[in-house]
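In this chain, numbering begins with 1 at the start of the sequence shown.
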Amino acid sequence: MVTPIHRAFALSAAIAAPLAAHAQSASAPATVASAPEARIEIVGRALRMDDARNSIQTQTGASAYQIDQSAIAAMPAGANAGLNQVLLQAPEVAQDSFGQFHVRGEHNGVQYRVNGVVLPEGIAGFGQSFDPRLISSVSLITGALPAEYGLRTAGIIDIKTKSGAADPGGSISLYGGSHGTIQPSANVAGGSGNLSWFVSADALRNDLGIESPDGGAKPIHDRTTQFHGFGYLDDVLDDRNRVGLMFGTATGRFQIPNRAGLQPDLGLAVGGVSGYDSAALNENQREITDFAALSWLHADGALAVQTSLVARGSSLAYDPDWLGDLLFNGIAQQATKKNSALALQSDGSYKLDARHTLRGGLYLQGDRSTSSTTAHVLPVDALGNPTSGQPLLIADDSAKSEQITSLYLQDEYKPVPSLTFNYGLRYDGFSAYTHGHQFSPRLNVVWEASPALTLHGGYARYFSPPPFELVGSETVSKFVGTTAAPAVGRADTPQAERAHYLDLGAQLRLSSELGIGIDAYYKQSRHLIDEGQFGAPIILTPFNYRDGRQSGLELSLDYAGKALSGYANIALQSARGRGIESAQFNFPQAELDYIAAHYIDLDHAQRITGAAGLSYQNGGTRFSGDLTFGSGLRASLTLSDGSEIPNGTHLPFYTQLNLGVSHEFKTGVDRAVTLRLDVINALDRRYEIRNGSGVGVGAPQFGARRGVFAGITFGF
């Protein structure tokens, strides 16, 4: 294993050689010859500060899967893939529609950290906030988490970004191909004195912004345009202090794809018009996310502290097809949601002695969410029949604030070198549409039974507030007596989830190149949080199951040779809930009654999930392939008497094979041109992600059909 200190030495040596050679060839005066040494010291200080920042966080006892930039480059599409595609390499990460993914049977529940900074949640939709080009490494941390991790606990997406100190240089790239894809990008990293920087930007345009609703290779009305920008600057003030600033933006415009050959079946008419060609629907969604964080890192001997001020703003706007949506759904709703958050985070570690390392921290967050909707509906009589062909306009606006307070303290204790205990206590409290708080004990144990075998286990008590920015604010009573009246009038507010979590695992290194792992977990929860897409706007709405049970078993293998590398993993999972106890107006009464008396599979549960990949490099040429497969997400089961079991069956087993080849042409000491060719879904499998049925499931979605893409990258 390469430790942080070893990495710093190797990188400093790599920088020293070309700088020294340059100094000698230039025959610089003695007074200038110290510049390379000065640069080496600056880089060394920056890397030592990185190591200090990394020492604040611990993954002791948790299950962590790291993917670095070389692994991203080795996969088909490389950094041109979305972050969700990168994370599908990790065990038990299941694919879903709208670019979503699920970790260990949780619907959402992931928290993003960038360079140790927690990013407040935004309004999630189709877009991805992070471009893989900015990633030096990304880790998925899951299982029984140490006390420093809270609020969202299904998985921690821990991103370490590139920097001007560690990764000087840059590239310009153009990628494109099937589905009308055009994707230019650029990034550059460098430094001057104590200041270093990294900036990246990319744009994307294609005709497959969202999954096809019918499995066709060319979906109707599915164009998207997207842009991502990111920057990171840091200034090493001295040997003990560094100030860093990061900022980013992600914007996207999405057409909502249409299915052909459908006509409205609700029997409604507006101005004498009752028919509408589904292929002509014109629905659109716009998403914007911006964030920034200013951090101060202080490292002095055994003490390391990082304090950050974080701001994030996000918005989502849905524009309906006013006539078409009204005829097909009984409501046409223009919706806008905005959320702004400001947070203060401070984490520290102190190495008390050779056996004890103390860690503690504080997290404070304030949110403000606003929701504005304008709906067209038709009035109905007492029997539910429309009484007029003229739509009514209903406006429903709301605003709410949230406050979150989190504190933790933990001790990493090593009674002997081969045994580590990490125990701690965490407090979380929140106040929003509802309020609550909890003290959560955590305990993790890691035993290095031999140089090749490591065992770990842990227990965690979890407390997860409902995603405030997504809580539905619709006033149900306003729609009584219209075509949008809910079948159930109850609308209890989502509550915080409280859970017990157990995790056990082992890692065995069969050689320096080959390793295998096994991990098992069990979670029992009250007020299990789930999310569903109800209505035409693609805005997820949280709700609670009264009781939840989740368990799983993961097997993984990794191989890292000189030319050949690969990975494989497979996971078995069960995720079930009983009794819907909030946002009931989104469900039919029969569904509520059944779930009140029975545990059902969660709609995003997938019994079998797996991934595998291989990469072979010969000189400047790399061949790669990866495979994802699964037993299918859930769908409702219709019985012979016409009744349904919610989420009672699963969709067919699916596989997707991707292939890629790239070659790097050296054009100078620090310059290269890389050509790549990728085939995504090489077998052109037509597989269904969703069929439109199930608890909280919207329209059908299918995986993308075969696509052929090519790219060129100029590196410098």
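Using modelled atom types, one finds a donor on one side chain and an acceptor on the other under 3.5 Å when comparing Arg368 with Ser401. Side-chain atoms of Arg498 and Gln438 form a donor-acceptor pair, as typed in the model, at a separation below 3.5 Å. The closest side-chain donor-acceptor pair between Glu513 and Tyr559 falls under 3.5 angstrom.
With sequence neighbours left out, the ring pair (Phe, Tyr, Trp, His ring centres under 6.0 Å) criterion links Phe130 to Tyr112, Phe291. For Asp202, there are no salt bridge (Lys or Arg N to Asp or Glu O under 4.0 Å) partners two or more places apart in sequence or in a different chain. The ring pair (Phe, Tyr, Trp, His ring centres under 6.0 Å) check on Phe421 picks up nothing, with sequence neighbours excluded. For the salt bridge (Lys or Arg N to Asp or Glu O under 4.0 Å) test, no residue two or more places apart in sequence or in another chain qualifies with Lys414. In this structure Glu402 satisfies the salt bridge (Lys or Arg N to Asp or Glu O under 4.0 Å) test with no other residue, sequence neighbours excluded. For His435, there are no ring pair (Phe, Tyr, Trp, His ring centres under 6.0 Å) partners at least two apart in sequence or on another chain.
Side-chain atoms of Gln306 come within 3.5 Å of backbone N or O of Asn115 as a donor-acceptor pair.
Ring geometry for Tyr501 versus Tyr462: interplanar angle of 30 to 60°, hence tilted.
In this structure, OG1 in Thr142 is found 8.0 Å from CD in Glu92, a value given to the nearest 0.5 Å. Between Leu358 atom CG and Asp353 atom CG the span is 8.5 Å, to the nearest 0.5 Å. Note: Gln345 CD to Ser406 OG = 10.0 Å, rounded to the nearest 0.5 Å.
Aromatic rings of Phe198 and Tyr232 (six-membered ring for Trp) have centroids beyond the 6.0 Å cut-off, not under it.
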